[in-house]
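Reviewing the structure listed below.
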2 protein chains.
Amino acid sequence: MSLTLDDADHRLLAVLQNNGKASLQELAEAAGLSQSPCWRRIKRMEDAGLIRGYVARLDPKGLGLHALAYVFVTLIDHREETIAGFGRLVAREERIVECASITGSADFILKVAAKDPEDLETFLMKGVLATGMVRESQTHFILRQTKTRSPWPLL
Amino acid sequence: MSLTLDDADHRLLAVLQNNGKASLQELAEAAGLSQSPCWRRIKRMEDAGLIRGYVARLDPKGLGLHALAYVFVTLIDHREETIAGFGRLVAREERIVECASITGSADFILKVAAKDPEDLETFLMKGVLATGMVRESQTHFILRQTKTRSPWPLL
DNA sequence: GCTGAAAGGAGAATGAG
DNA sequence: CTCATTCTCCTTTCAGC
């Protein structure tokens, strides 16, 4: 799985992180190679799972999602069943667009998207807190997103 | 900018959020239309800025990014200059992959990616705190990412 | 390993009905 | 929206460095 990447690979990834539809011609130029080896390198990284896929980036505002928030969640207890149940909740609810378990006083941090603050509040109350799995939650509304889903650094 | 989306548009977006390289044929099937109108609808959504672009999704682990964290940041003061300076910092530093200003006691929440915890600590110390723009910061390491950059809900 | 070239086919993009 | 057409570009293969 862990494959070695040289500078040319990094250049290819840098382009593809910005433009997933870049043509082999563009990619070849950026990498300083011709098209065939470019194609092979990309295929190799796709097959290795390093490139997980290609997706369209959408504008949440354009979709009518005017309320975004980060929500800290502390579970009511830490039995396996509770954790699994919460995992299913996260997987099921499309308004939860990101979830990670973290260090610190909370168990999870969620990123939640909703139509408006009211919709978000309803979702948290009825969709999350009412399940009885959450002891505590803390909501931080996003006022302005200054950097969004930017490319990963290639260190 | 705010254009009206019908069910067919939603189906197209649902597909494109999962597979940005979906062919017009697949898209047409999913939307229940033929290819030309599909293409037109997608073009319309691209031109409106609703579809911001197409990108490759990479696996951070595969890139050697083994330390991810959310970091709360409170600025030393709230003069325009300080805020602008912090904005430039965020824009410049590729390890900061996400940044939002939020409600609550902190000013910003960052998502930071680094090679390992040590690299992350070095970056925070030298790259962020040493700038003198930050009064307080709180780092929450990500233990496990259970939902990552998932599609936006189409409500 | 890389290059360049070239062939075939797939699919994007456009215009007319 | 459908149909038909054009044309770009992907993808693979070849020979050669």
Side-chain angles (χ1 to χ4, degrees), chain A residues 1-60 62-64 149-155, chain B residues 1-59 61-65 149-152 154-155:
Chain A
M1 163 55 182
S2 207
L3 67 185
T4 315
L5 305 175
D6 62 15
D7 282 356
D9 291 317
H10 279 179
R11 284 191 290 268
L12 291 173
L13 291 175
V15 173
L16 286 173
Q17 282 199 98
N18 280 313
N19 177 15
K21 279 188 139 75
S23 70
L24 275 177
Q25 197 172 353
E26 294 176 66
L27 290 162
E29 273 178 43
L33 300 172
S34 61
Q35 297 187 15
S36 316
C38 269
W39 185 84
R40 273 178 206 281
R41 281 162 183 265
I42 291 165
K43 186 97 194 332
R44 170 169 154 267
M45 296 190 282
E46 287 171 355
D47 291 344
L50 204 166
I51 298 176
R52 287 186 166 166
Y54 301 86
V55 296
R57 293 187 57 204
L58 307 187
D59 174 33
L63 294 171
R149 299 184 173 198
S150 81
W152 296 111
L154 306 170
L155 305 175
Chain B
M1 164 54 180
S2 208
L3 66 186
T4 314
L5 304 175
D6 62 14
D7 282 356
D9 290 318
H10 279 178
R11 283 191 291 266
L12 291 174
L13 292 175
V15 173
L16 287 173
Q17 282 199 97
N18 280 311
N19 177 15
K21 278 189 139 75
S23 70
L24 277 176
Q25 196 171 352
E26 295 176 65
L27 289 162
E29 273 178 43
L33 302 170
S34 60
Q35 298 186 14
S36 311
C38 269
W39 183 85
R40 272 177 206 282
R41 279 163 184 265
I42 291 165
K43 185 95 192 332
R44 171 170 153 267
M45 295 190 283
E46 287 171 354
D47 292 343
L50 205 167
I51 297 176
R52 289 186 165 167
Y54 302 86
V55 296
R57 292 187 58 205
L58 307 187
D59 174 35
K61 278 215 187 78
L63 295 172
L65 300 171
R149 300 185 171 196
S150 81
W152 296 110
L154 306 170
L155 304 175

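Just so you know, these numbers use all the heavy atoms, side chains as well, and skip hydrogens, waters and symmetry mates. Letters A, B, ... mirror the listed sequences (proteins, then strands); counts begin at 1.
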_Contacting residues from residues 11-31 of chain B, given that a heavy atom lies under 4.0 angstrom of DNA chain D_ = none
*Using the C1' atom on both, measure dG9(C) against dA15(D) and round to a whole Å.*
22 Å
*Expressed in angstrom and rounded to an integer, what is the separation of Gln35(B) atom CD from dG11(C) atom P?*
9 Å
*asked:* Are there over 12 heavy-atom neighbours, none belonging to Glu46(A), within less than 6.0 Å of that residue's CD?
replied: yes
_When you measure from the side-chain N and O atoms of Trp39(B) to the phosphate of dA12(C), is any distance below 4.0 Å, counting only OP1 and OP2?_
no
*Taking the side chain of Ser36(A) as its heavy atoms from C-beta onward, which of dG15(C), dT13(D), dC2(C) lies nearest to it?*
dT13(D)
*How many Å lie between OH on Tyr54(A) and P on dC10(D), as a whole number?*
11 Å
_Glu26(B) atom CD, neighbour heavy-atom count above 12 within 6.0 Å_ = yes
_Gap between atoms CG and P, on Asp47(A) and dT11(D) respectively (whole Å)_ = 12 Å
*asked:* Can you check the distance between dG16(D) and dG8(C), where both ends of the measurement are the C1' atom (answer in whole Å)?
replied: 22 Å
*Could you give the distance from CZ (Arg44(A)) to CG (Leu5(A)), rounded to the nearest 0.5 Å?*
6.5 Å
_Nearest-0.5 Å distance that lies between atom CG in Leu12(A) and atom CG in Asp7(A)_ = 11.0 Å
*Can you give the dot-bracket line for DNA chain D, where a pair is Watson-Crick or G-U wobble with both atom distances under 3.5 Å, crossing pairs use [ ], and | marks a partner on another strand?*
|||||||||.|||||||
*Should the heavy atoms of other residues, nucleotides or ligands under 6.0 Å from NZ of Lys43(A) be counted, would the total exceed 12?*
no
*Hey, could you give me the CG/SG distance between Leu24(B) and Cys38(B), rounded to the nearest 0.5 Å?*
7.0 Å
*Nearest-Å distance, CG (Asp9(A)) to P (dC2(C))?*
9 Å
*Once you round it to whole Å, what is the distance between C1' of dC14(D) and CZ of Arg40(A)?*
11 Å
*To the nearest 0.5 Å, what is the distance between CG (Asp6(A)) and CZ (Arg41(A))?*
4.5 Å
*Return the value, rounded to whole Å, for the distance between atom CD of Glu46(B) and atom C1' of dA13(C).*
12 Å
*asked:* What is the distance, to the nearest angstrom, from the CG atom on Asp6(B) to the C1' atom on dC1(D)?
replied: 13 Å
*Can you tell me how far CG of Asn18(B) sits from OG of Ser150(B), rounded to the nearest 0.5 angstrom?*
9.0 Å
*asked:* Let me confirm one number: the CE-CG distance from Met45(A) to Asp47(A), rounded to the nearest 0.5 Å.
replied: 11.0 Å
*Find the distance Arg41(B):CZ to dC1(D):C1' and express it as a whole number of Å.*
10 Å
